[in-house]
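A short worksheet on the structure shown next.
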Amino acid sequence: IKVQEDNTVYDIQNVGEEIVLEKQEKLQINKEYEKTTKKDSRNTLILTVGASFIVIAAISFLFASWGFLPNILKSGVLISLAIMFFGMSKLAKKVFKLPKTSKTFYYMGLGYIPIVLFSFSMFKFLGEYFSLTGDGRYIYFTICSLLVMALYLYNSFKSDDIKLYYAGNFMQIVSVI
């Protein structure tokens with residue numbers, strides 16, 4: 001059977017076979033997508049568990065030796081952990097070509113930045129005025145919250161990541177409180 005439309009002649013039988021072939025190809029693509037999605041979710045779970053163990057190990061080390069370390073070394077350890085996570089992120093992305101692992105380490109590094117800023121106040125590196133008990137603590141924490149908010153929002157727009165956007169908005173609320 002032939003149908004003419006817009007000066008083009010189609011053979012319906014051939015068109016029907018092509019449609020069936022297209023549907024079969026789409027079905028195969030969907031099956032392959034489901035396999036990769038299951039594999040990706042398993043890898044994400046393993047990555048999350050591994051990252052959690054790294055954080056737990058760091059916290060265990062710090063709690064075990066925290067009382068014996070001088071304040072400058074305590075902050076130095078926190079700063080070096082943040083730098084280490086950023087470095088591992090870059091290594092995972094550039095050398096090993098693992099974008100999800102890179103993103104996880106990057107988030108861990110970003111998570112340590114507020115901790116480092118808090119440690120500066122806790123250990124009175126900026127003087128008594130900006131310490132936890134000083135009169136300028138609210139000014140210091142507002143500045144730190146705004147700084148972290150700007151960093152998170154910048155990174156959220158840079159990487160189109162909604163999680164960092166919400167974290168930045170959370171830091172805005174914290175700075176107001």
Side-chain angles (χ1 to χ4, degrees), residues 29 32-127 130-132 137 139-177:
I29 290 170
E32 290 175 14
Y33 177 74
E34 288 175 7
K35 287 179 186 177
T36 58
T37 303
K38 288 179 183 177
K39 185 179 177 182
D40 284 346
S41 64
R42 184 175 24 142
N43 289 345
T44 302
L45 176 67
I46 292 170
L47 179 63
T48 303
V49 169
S52 300
F53 282 141
I54 290 172
V55 171
I56 290 170
I59 290 171
S60 298
F61 165 74
L62 290 175
F63 275 125
S65 61
W66 198 252
F68 303 109
L69 296 174
N71 290 344
I72 190 81
L73 193 57
K74 291 175 186 176
S75 287
V77 167
L78 292 173
I79 291 169
S80 63
L81 281 172
I83 292 170
M84 180 191 72
F85 285 128
F86 286 127
M88 290 172 68
S89 171
K90 191 166 195 133
L91 185 73
K93 187 175 186 177
K94 301 287 183 185
V95 176
F96 298 115
K97 309 282 191 257
L98 299 169
K100 287 185 178 182
T101 305
S102 173
K103 192 179 254 189
T104 300
F105 284 130
Y106 191 75
Y107 287 160
M108 290 170 74
L110 285 175
Y112 267 89
I113 290 175
I115 296 169
V116 167
L117 294 172
F118 181 76
S119 77
F120 288 164
S121 176
M122 185 175 164
F123 302 132
K124 302 177 183 176
F125 288 135
L126 302 173
F130 289 121
S131 71
L132 290 177
R137 64 181 175 261
I139 296 169
Y140 178 74
F141 287 128
T142 300
I143 291 169
C144 289
S145 296
L146 291 173
L147 179 71
V148 171
M149 178 231 20
L151 181 68
Y152 284 1
L153 289 178
Y154 169 76
N155 282 299
S156 73
F157 292 128
K158 182 179 167 189
S159 64
D160 288 332
D161 192 349
I162 195 73
K163 294 173 196 169
L164 282 177
Y165 176 75
Y166 288 133
N169 287 335
F170 175 74
M171 293 310 292
Q172 284 178 338
I173 293 168
V174 168
S175 70
V176 170
I177 293 175

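Bear in mind that the values here come from a model prediction, so they are computed numbers and not experimental data. Throughout, numbering of the chain's residues begins at 1 and tracks the sequence.
Atom CZ of F123 is surrounded by more than 12 heavy atoms from other residues, nucleotides or ligands within 6.0 Å.
One N or O on the side chain of Y140 and one on the backbone of L117 form a donor-acceptor pair closer than 3.5 Å. The main-chain N or O of I162 is never found under 3.5 Å from a side-chain atom of S156 such that the two would form a donor-acceptor pair.
Here side chain to side chain donor-acceptor pair (under 3.5 Å) pairs that include residues 74-89, with residues two or more places apart or in two chains, are S75-S119, S89-S102.
To the nearest 0.5 Å, atom CG of residue N169 and atom CE of residue M149 are 9.0 Å apart. The CZ atom of F105 sits 7.5 Å away from atom CE of M84, with the distance rounded to the nearest 0.5 Å. In this structure, Y165 OH and S159 OG are separated by 13.5 Å, a value rounded to the nearest 0.5 Å. The CG atom of L78 sits 10.0 Å away from atom CG of L73, with the distance rounded to the nearest 0.5 Å. Expressed to the nearest 0.5 Å, how far CE of M88 lies from CG of L81 amounts to 10.5 Å.
Looking only at side-chain heavy atoms (C-beta outward), I79 and F120 come within less than 4.5 Å of each other. Proximity of L151 to V148: side-chain heavy atoms (C-beta onward) are nowhere separated by under 4.5 Å.
Summarising the geometry of S121 relative to L132, their closest heavy-atom pair is OG-N, 3.2 Å, with the distance given to 0.1 Å. Contact between F125 and I72 at its shortest, heavy atoms only, is CZ-CA, 3.5 Å. When all heavy atoms are compared, the tightest approach of K97 to K94 is NZ-O, 2.8 Å. Closest approach of F130 and L126 over heavy atoms only: CD1-O, 3.8 Å. Among all heavy-atom pairs drawn from L110 and Y152, the shortest one is O-OH, 2.9 Å.
Every residue meeting the salt bridge (Lys or Arg N to Asp or Glu O under 4.0 Å) condition with K124, not counting sequence neighbours, appears here in chain and number order: E128. Under the ring pair (Phe, Tyr, Trp, His ring centres under 6.0 Å) criterion, Y106 pairs with F86, not counting sequence neighbours.
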